[in-house]
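Okay, structure first, notes after.
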Amino acid sequence: MSNDPMYIHNQFAQVNKRIKNAALACGRDAEHIQLLAVSKTKPVSNIISAYEYGHRSFAENYVQEAVDKIQALDQYSDITWHFIGPLQSNKSKFIAEYFAWMHSLDRIKIAQRLNQQRSVYQPKLMVCVQVNIDNEPNKAGVAANEVIDFIDELQQFDRLCCRGIMSIPKATSNETERAASFANMQDLFEQCKARFDSIDTLSMGMSADLELAVAHGTTMVRIGTDLFGKRET
Ligand SMILES: *Cc1c(COP(=O)(O)O)cnc(C)c1O
């Protein structure tokens with residue numbers, strides 16, 4: 001069923017409506033909230049269905065899978081590809097070569113490599129700093145109190161443009177806790193914006209917490225399950 005183009009078109013319409021309603025509920029303009037379609041583990045045919053619906057921004061998590069899909073979709077040259085997964089430094093050249101955006105930057109060493117590997121014939125690589133907003137042990141991301149310094153350091157890399165911050169919320173069913181970490185991200189986003197001209201992106205919100213993210217100022221939601229159906233893995 002989730003392979004049916006009509007199913008995918010319908011899911012996109014519903015998610016777009018959720019974004020509009022959530023924006024309306026808190027007095028925001030839905031135009032300021034971009035939808036990223038997270039297509040990880042899903043076949044190229046699903047991406048084409050979304051493309052035919054009119055969608056152009058896709059996000060992937062796994063380097064090899066992503067590169068295979070991007071190559072297969074080579075003729076769809078107006079797709080914008082976002083990388084949102086964890087990255088080993090030895091794979092950075094694929095990100096530099098194939099992606100427009102990288103949301104999961106949390107190490108200067110990786111930034112340095114991406115900067116070296118990004119061709120001068122391409123636009124700058126847009127990056128977001130991943131923030132470990134709940135200070136979870138073993139979780140990727142820069143600590144909230146180190147983010148400003150981290151972005152300061154990124155200024156030396158002229159092939160990168162730091163656009164904002166990104167977070168993956170702690171796996172918790174506690175709404176209050178989740179709202180608190182989204183509020184902390186919103187606060188940090190305001191501080192970063194005040195300090196750096198290039199910052200305009202708060203990458204936050206997934207299928208389960210889209211509305212909460214909109215209420216806390218997100219500018220880019222990353223939605224997989226509610227667009228393409230449940231993932232097998
Ligand atoms: C998989 C993933 C998403 C999408 O999650 P859904 O719950 O399927 O909407 C968003 N962001 C990141 C970083 C992911 O890995």
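Whatever order the structure lists them in is the order used to number ligands and atoms, beginning at 1.
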Checklist entry - Are D134 and K139 within salt-bridge range, i.e. N to O under 4.0 Å? => result no

Item to check | Rounded distance (nearest 0.5 Å) linking atom OG of S92 with atom CE of M102 | outcome: 9.0 Å

Checklist entry - Of all the atoms in ligand 1, which lie at a distance below 4.0 Å from a heavy atom belonging to N61? => result 14 (C), 15 (O)

Checklist entry - Relative to the ring of W81, is the ring of F58 parallel (under 30°), tilted (30 to 60°) or perpendicular (over 60°)? => result tilted

Next on the checklist: Below 4.0 Å, non-hydrogen atoms only: which portion of I168 touches ligand 1? Side chain, backbone, both or neither.
Outcome noted: side chain

Checklist entry - Is a salt bridge present between E190 and K193, judged by a nitrogen-to-oxygen distance below 4.0 Å? => result yes

Next on the checklist: Checking T219 against Q34: is there a side-chain donor and acceptor pair closer than 3.5 Å?
Outcome noted: no

Next on the checklist: Taking a cutoff of less than 4.0 Å between a non-hydrogen atom of the residue and any ligand atom, is I84 in contact with ligand 1?
Outcome noted: yes

Item to check | Identity and separation of the nearest protein heavy atom to atom 10 (C) of ligand 1 | outcome: M206 SD, 3.2 Å

Item to check | Criterion side chain to side chain contact (heavy atoms under 4.5 Å, CB included) against F228, the qualifying member of N46, V38, T41, I223 | outcome: N46

Checklist entry - Under 4.0 Å from any heavy atom of T225, which atoms of ligand 1 are there? => result 6 (P), 7 (O), 8 (O), 9 (O)

Checklist outcome for this item: Note: heavy atom closest to atom 2 (C) of ligand 1, options H103, K230, K40, belongs to K40

Checklist entry - Counting only heavy atoms not in N138, do more than 12 sit closer than 6.0 Å to its CG atom? => result no

Checklist outcome for this item: among protein heavy atoms, the one nearest atom 9 (O) of ligand 1 is S207 OG, 2.5 Å

Checklist entry - Should you measure from each heavy atom of I223, which atoms of ligand 1 turn up under 4.0 Å away? => result 9 (O)

Item to check | Ligand-residue contact atoms, ligand 1 with R222, heavy atoms, under 4.0 Å | outcome: 4 (C), 9 (O), 10 (C), 11 (N), 12 (C), 13 (C)

